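Computed from heavy atoms alone, side chains included, the values below leave out hydrogens, waters and symmetry copies. These numbers come from a predicted model, not from an experiment.
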Amino acid sequence: MSTKETLTIVDNRTGKSYEVPVADGAIRAMDLRQIKTGPDDFGLLAYDPAFTNTASTRSAITYIDGDKGILWYRGYPIEQLAEHATFLEVAYLILRGELPTQKELDEFTWQVTHHTWVHENVKKFMDGFHHDAHPMGMFISTVAALSTFYPDAKVNHDSGHRDLQILRLIAKVPTIAAFAYRHILGQAYAYPDNDLSYAGNFLNMLFKTTELKYKADPAIERALDVLFILHADHEQNCSTNAMRSVGSSGVDPYSALAGAAAALYGPLHGGANEAVLRMLRSVGSPARVPEFIRQVKAGEAKLMGFGHRVYKNYDPRAKIIKRMADEVFAVTRPSPLLPIARELEHIALQDEYFVTRKLYPNVDFYSGLIYEALGFPVEMFPVLFAIPRTAGWLAQWQEMVGDPEQKIARPRQIYTGPACRDFKPMGRR
Ligand code: CMC
């Protein structure tokens, strides 16, 4: 039988048949538009709320195979990057497509390091937030405010200008995040230290007090760097879609990134690790795990940190984080929640309910425990996610801006409101 890379569609409303090309396992939604019942018909639409079966772009950045539990950045498995690379090396890879040579990495690191400071007015701006403002709200607003400090960012049609904004953003997000953290504690801001690594400097800005030179514990610095690697990109998720969608209007990347960070603020996206901590606290002890599992199976509770829209296998990031948790707890106080998490995982992975539904631990199952052990309040969790994801958002934005097939994102709708009717004067309503 001869095979053709096409799809034949028979419209049973008209009896007409159409042949549309199939490329990379997809048809073009615009090829459906020719399918009409008559000259006044707009043409067939694809209805896909939440984009569950729609590819919005071609992308060469991140690959996920959810059934096999695979995650690659630019073709490199996440496990290898987490073991051998630094976050800035991975950011370079994601943004530029190839691993840097030593010289390229040195230059990139120098550039990022020398853009970490923010204008003093940014600091004053942050001072204006309430003492109990949520750090993620401060982060989003301050990133948006950066666009007013860099009006040149509006010129984003040449790659030189884009590269400068990308460096600025990657460099400044840890500074803004750390300032937001110090603000909620009522502590003076600690300025960036150019002698330190990306993660080391972030820890310095968070935790420096009276010491002349802050030096993070190497195990903690590395753990944070690995967590940054694991969160750097995750293809077309909610916030990345926001970055592309907002950016498609041609707005500057600071404004687009504020939109992406706002999407990440939501509990369904950046807030799940906080929910895991709350769940572990409410379970209370390993002995109460079987009863909690019974409640989950009865539909009375949800096992937070389990299940994923894409991964129907162990989330590869969760495996790495689980291993790292031991290294972190060796240098911090061991978390009383860890034995509960281990017991929950142990029981759930053997239980028919979870096995048949392909519910495995996701990245959030252990990350909250690590963040808590490092001394972060839960409000900081989405901010910690936003720092490394900035590299992914910018890589996706850059790819979108350079893609000749992309234009302003503008979905269609199926109108369900009333048909045209005449205005009723106030006295007749
Ligand atoms: N605990 C108990 N049952 C669950 C869970 C869970 N965590 N997740 C899914 N199920 C059940 C669900 O009730 C359904 O059962 P049934 O077939 O009997 O109705 C079945 O598994 C399929 O679930 P679904 O809701 O159709 O799956 P989904 O792909 O729409 O949802 C999810 C994915 C992540 C929203 C969901 O698994 C969940 O709510 N998990 C807990 C929250 C969480 O950990 N979120 C973080 C995700 S990773 C973040 C990231 O990558 O950015």
I'd like to know whether the aromatic ring centres of [X] and [Y] sit less than 6.0 Å apart in this structure.
X    : Y    : result
F376 : F381 : no
H134 : Y265 : yes
F207 : Y214 : no

Parallel, tilted or perpendicular: which describes the rings of Y191 and F179, with under 30° parallel and over 60° perpendicular?
perpendicular
So CZ of F329 and OG of S335: to nearest 0.5 Å the spacing works out to 5.0 Å
Output the distance between atom NZ (K172) and atom NE2 (H119), rounded to the nearest 0.5 Å.
10.5 Å
Determine whether more than 12 heavy atoms belonging to other residues, nucleotides or ligands lie under 6.0 Å from atom CG of N53.
no
Under a 4.0 Å N-O cut-off, is there an ion pair linking [X] with [Y]?
X    : Y    : result
R28  : E405 : yes
E274 : R278 : yes
D152 : R168 : yes

Residues passing the side-chain contact (heavy atoms from CB on, under 4.5 Å) test with D326, sequence neighbours excluded, are R342
Determine, for Y314 and K319, whether the Lys NZ or Arg CZ falls below 6.0 Å from the six-membered ring centre while staying within 45 degrees of the axis.
yes
For Y353, does the six-membered ring have the charged nitrogen or CZ of R357 within the cation-pi criterion, i.e. under 6.0 angstrom from the centroid and within 45° of the normal?
yes
Which residue pairs pass the side-chain hydrogen bond (donor to acceptor under 3.5 Å, both in side chains) test with at least one member in residues 60-84, sequence neighbours excluded?
T62-D233
Kindly give the heavy-atom pair with the smallest separation between L264 and P382, and that separation in Å.
CD2-O, 3.7 Å
